[in-house]
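In what follows, chains carry the letters A, B, and so on, assigned in the order in which the sequence lines appear, proteins first and then strands, with residues in each chain numbered from 1.
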Amino acid sequence: MTSDGYDPLDLSATRSAHRTSMGASDACVEAALVDGLTDAQRAAVLHFEGPALVLAGPGSGKTRVITQRIAHLVSQGVKPSQILALTFTNKAAGEMRNRVERLLPRGLAGGLIVSTFHSYCASVLRRHGASVGLQAGFSIYDSDDQKTALKAAIEAAGLTTSNWTPASVLAAISEIKNRLLTPEEYALEASDFWSRSIAKAYARYQDTLHRSNACDFDDLLMKTASLLRNDASVRALLQQRARFILLDEYQDTNHAQFVIAATLASEHRNLFVVGDPDQSIYGWRGADITNILEFEQHFAGAVVLPLGENFRSTAAIVRAADGLIVHNKKRPHKDLHTALEEGERVRVLRCQDEHDEADQVAAFFEERLRAGVPYRSMAVLYRMNALSRVLEDSLRRKMIPSIVVRGTAFYDRKEIKDAIAYFRLLSNPRDEVSLRRIVNVPTRGIGPTTVRKVEGYAAGSGYALFDAFAMAPGAGIVKGKIGESVVAFIELLRSFQRGMDARLPGDLADFVGEVLKQTKLDEFVGRGGVEEAERVANLDELVSAAREFQFIDDPDITHPTLRTAVCAWLESVALIADADAFDPDRGSVTLMTLHAAKGLEFDSVAVVGLEHGLLPHSRSMESDDALEEERRLLFVGMTRAQRALMISSAVSRQVRGVRQATIESPFLREIPSNATTVADRTPSVDRIVYDEPEAFCDLDPAELFPVGCSVKHPIFGVGKVEFLARGFGGTRARIAFRGVGIKTVIVEHARLSRVQ
DNA sequence: TAATGTGCGCTTTTT
DNA sequence: GCGCACATTA
């Protein structure tokens with residue numbers, strides 16, 4: 001995916017290929033498709049049948065290869081409806097579809113599926129989910145909903161929750177689901193206390209999801225995989241629709257995705273995957289890098305097509321990035337090169353603090369603007385979202401327009417989640433998470449005690465929770481004012497449901513507005529001051545979002561109703577990706593995480609926060625694999641830049657309210673000095689401290705100064721190490737100094753030495 | 001039951 | 001620095 005059309009170097013000779021193809025005959029299309037491609041690109045585009053792996057380094061034109069290959073297949077007479085292209089984000093899918101449509105004569109792309117893995121699975125399950133226990137209106141739970149469901153499941157099962165956090169349990173469950181193990185299967189292999197507890201929690205959690213007619217992100221994949229395995233007729237149908245499969249970002253697929261792809265491809269064996277092991281950055285989400293490394297073993301007779309030439313970045317940037325990534329031990333040898341000019345060196349900046357750093361980023365962008373580069377071709381990348389605030393402020397002060405790319409930010413707001421919960425409950429009354437969420441929002445007197453009563457009634461009678469609420473007043477479970485309130489609540493929802501079945505898809509936005517009004521949700525969030533007014537504005541924004549939602553008629557559904565549209569809208573909202581919010585046409589500098597930047601390119605890029613504990617992140621420093629993934633993350637960031645790259649760190653940084661001294665990222669020392677210019681903005685006193693201990697940056701402080709050892713500190717004297725903890729900015733050691741008392745120091749800074 | 005106050009703990013990346 | 005869980009008061 002390309003960020004924009006701005007391209008001062010005309011870095012690629014192939015960009016104009018599509019322009020000559022409009023309305024041309026098939027033969028002309030054919031010629032135009034390969035015109036201007038390199039030999040390697042042409043080989044990939046012209047690849048026809050059989051499995052193929054395209055090893056596409058950064059900037060090697062992989063999106064072009066995929067789109068032109070699709071067009072090529074169609075020009076060869078392959079029906080678009082037999083081509084399935086899967087990407088990582090909706091944005092990438094949309095972009096790819098657009099490009100293909102531009103390459104083909106008008107209307108020829110009909111029936112082509114270009115989608116993300118998750119939305120492809122969701123649409124498969126909408127249609128065929130019954131045999132894996134999903135009804136059409138099923139809800140898709142995000143991590144917040146997952147937490148709620150897990151808590152409810154654990155509570156209902158009477159399991160103790162101390163010692164484990166919902167997040168860690170969910171991470172474990174996610175890992176199990178990626179391995180495609182059901183609760184029963186996992187229980188068989190669970191032997192120790194922890195895994196047996198997880199097995200129980202997993203089983204209960206799945207019960208809750210099943211009762212709620214809901215699935216989480218992992219279920220979308222897992223249930224599709226199991227559907228393909230167990231239902232021969234659905235398998236045959238989907239295989240037939242997938243005569244040619246193209247997978248983008250193959251290095252980031254997990255086991256479940258591998259199984260789905262392999263099953264779909266097993267009939268026709270036309271699996272064409274594109275990826276780069278050096279850009280695998282989702283290992284923490286279950287991505288399995290061996291999928292791409294062992295592609296040839298998995299698919300006999302596979303063709304491997306390397307695209308090594310970088311058409312994006314100038315030579316200095318490529319040299320810097322390559323110099324970094326060669327430090328990864330677990331990687332196939334790969335040559336990264338460019339024929340482009342040397343260009344300017346990578347600017348390495350050591351700043352005083354995060355404000356200084358942000359100002360330097362602003363200065364960098366102002367300089368690039370003077371060089372004729374528009375703001376939309378500039379980006380700041382960082383390891384975590386929390387770093388965006390300071391950058392935003394600084395850019396705003398300098399009058400530099402900027403936008404933070406975070407697709408889910410809007411839908412993370414409480415009032416928006418509440419609103420969405422209403423619609424989820426309307427399309428799926430079994431959705432317990434949504435029901436619990438809004439049963440008393442706005443407050444209508446149905447508090448926790450009432451909910452618990454009805455819950456007990458549901459458990460005893462076998463009713464679904466929603467039905468139990470509907471029956472409770474009549475059954476005398478809830479009485480008086482509360483009973484009336486429950487009746488009114490249920491009746492309100494039922495009237496909305498009748499509307500959903502009677503009205504047409506075009507009424508979506510109006511309906512959304514009506515529900516917000518009649519539930520009085522807008523009034524409820526609006527009472528109060530300025531912040532509350534903003535919440536109301538957000539709800540209005542939700543109505544606008546619904547208005548902009550394009551409901552695409554599904555040829556399989558003869559009479560789409562408003563219900564169909566609500567369902568489709570909810571699905572699109574659930575599967576939104578952070579990167580989807582990226583819009584290069586806004587004329588602003590882009591701020592986003594390194595993860596979200598994958599697949600994009602910009603003339604000028606600043607990567608900030610190159611500090612030990614931040615990049616590499618402290619949570620990634622326990623294993624070599626995780627550390628290598630952090631290195632790949634920086635590699636991805638650096639290779640986004642076409643002509644100017646700045647990477648920076650700050651000597652001191654405030655993280656969640658606490659200012660801390662930092663040390664430079666070890667990655668900085670891996671970047672070859674013949675590709676960089678270094679500027680140190682810190683006072684010389686600090687420099688002495690930070691330049692000296694380079695030698696032991698690589699060594700594990702825990703090994704150097706283990707708990708119990710005696711150390712000497714230049715100020716506090718001799719003491720004994722009591723405790724070590726890794727954290728932001730390095731390793732903290734609690735040391736009991738003789739005559740001074742207990743002090744906590746950052747090992748990397750404190751210039752400690754061992755004494756016997 | 002609702003609204004407000006207080007203390008505690010955690011702390012990345014995201015479909 | 002923030003959000004969540006729990007406690008207190010009307």
Check your understanding: What string of B, S and - do you get for nucleotides 1-9 of chain B, 5' to 3', when a contact is any protein heavy atom under 4.0 Å?
Key -> SSS------

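With sequence neighbours excluded, the residues satisfying side-chain contact (heavy atoms from CB on, under 4.5 Å) with Ala641(A) are Ile317(A), Val605(A), Leu645(A). For Arg389(A), the side-chain contact (heavy atoms from CB on, under 4.5 Å) partners at least two apart in sequence or on another chain are Asp393(A). Under the rule for a side-chain contact (heavy atoms from CB on, under 4.5 Å), the partners of Val259(A) that lie at least two apart in sequence or sit in another chain are Leu180(A), Ala225(A), His255(A), Thr263(A). Scanning for salt bridge (Lys or Arg N to Asp or Glu O under 4.0 Å) contacts around Lys177(A) gives Asp216(A), Asp219(A), with sequence neighbours left out. For Ala545(A), the side-chain contact (heavy atoms from CB on, under 4.5 Å) test picks out Tyr411(A), with sequence neighbours left out. Under the salt bridge (Lys or Arg N to Asp or Glu O under 4.0 Å) criterion, Asp522(A) pairs with Lys517(A), sequence neighbours left out. Take Glu611(A) and apply the salt bridge (Lys or Arg N to Asp or Glu O under 4.0 Å) test, not counting sequence neighbours, and it matches Arg653(A).
Look at the P atom in both dC4(C) and dT13(B): the space between them is 16 Å, to the nearest Å.
Note on Ile576(A): only backbone sugar-phosphate atoms sit closer than 4.0 angstrom, heavy atoms only; bases stay farther off. Contact annotation for Asn385(A): backbone-only contact, meaning every heavy-atom pair under 4.0 Å involves sugar-phosphate atoms and none involves a base.
Between the C1' atom of dT15(B) and the CG atom of Asp578(A) lies a distance of 10 Å, rounded to the nearest Å. Between the CG atom of Leu220(A) and the C1' atom of dT14(B) there is a distance of 14 Å, given to the nearest Å. Atom pair His595(A):NE2 and dT13(B):C1' shows a separation of 4 Å (rounding to whole Å applied). What separates CZ of Arg619(A) from P of dT12(B) is a distance of 6 Å, to the nearest Å. Taking atom CD of Glu630(A) as the reference point, atom P of dT13(B) lies 11 Å away to the nearest angstrom. Rounding to whole angstrom units, CG of residue Asp580(A) and P of dT15(B) are separated by 7 Å. Between the C1' atom of dT15(B) and the CG atom of Asn178(A) lies a distance of 11 Å, rounded to the nearest Å. Rounded to an integer number of Å, the gap from Asp144(A) CG to dT15(B) C1' is 15 Å.
Distance from the side chain of Ala577(A) is smallest for dT15(B) among the nucleotides dT12(B), dT15(B), dT14(B).
With hydrogens and angles left out, the side-chain atoms of Thr290(A) and Asp288(A) include a donor and acceptor closer than 3.5 Å.
Using a 4.0 Å cutoff to heavy atoms of chain A, the contacted part of DNA chain C runs 5' to 3' from dG1(C) to dA5(C).
Here His617(A) counts as stacked on dT12(B): its ring centre is under 5.5 angstrom from the base ring centre and the planes meet at under 30°. Put simply, Phe217(A) does not rest on the base of dT14(B): the two rings are not both less than 5.5 Å apart at their centres and under 30° in tilt.
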Could you tabulate the donor-acceptor pairs under 3.5 Å formed by side-chain atoms of residues 478-486 of chain A, not counting sequence neighbours?
residue: Ser485(A); atom: OG; partner: Arg444(A); partner atom: O; Å: 2.4

Only distances under 3.5 Å count here; give the side-chain donor-acceptor pairs of residues 136-144 of chain A to other protein atoms, sequence neighbours excluded, each with its distance to 0.1 Å.
residue: Ser139(A); atom: OG; partner: Asn428(A); partner atom: ND2; Å: 2.9
residue: Ser139(A); atom: OG; partner: Asp431(A); partner atom: OD2; Å: 2.6
residue: Tyr141(A); atom: OH; partner: Asp431(A); partner atom: OD1; Å: 2.5
residue: Asp142(A); atom: OD1; partner: Asp144(A); partner atom: N; Å: 3.0
residue: Asp142(A); atom: OD1; partner: Asp145(A); partner atom: N; Å: 2.9
residue: Asp142(A); atom: OD2; partner: Lys417(A); partner atom: NZ; Å: 3.2
residue: Asp144(A); atom: OD2; partner: Lys417(A); partner atom: NZ; Å: 3.4

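Classification of Glu630(A) and Arg619(A) as a salt-bridged pair fails, no side-chain N sitting under 4.0 Å from a carboxylate O.
Using a 30° and 60° split on the angle between ring planes, Phe602(A) and Phe582(A) fall in the perpendicular class, above 60°.
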Check your understanding: Given pairs defined as Watson-Crick or G-U wobble with both distances under 3.5 Å, what dot-bracket annotation applies to DNA chain C, with ( ) intrastrand, [ ] crossing, | other strand and . unpaired?
Key -> ||||||||||

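Distances shown here put every side-chain N or O of Ser618(A) at or beyond 4.0 Å from the OP1 or OP2 atom of dT12(B).
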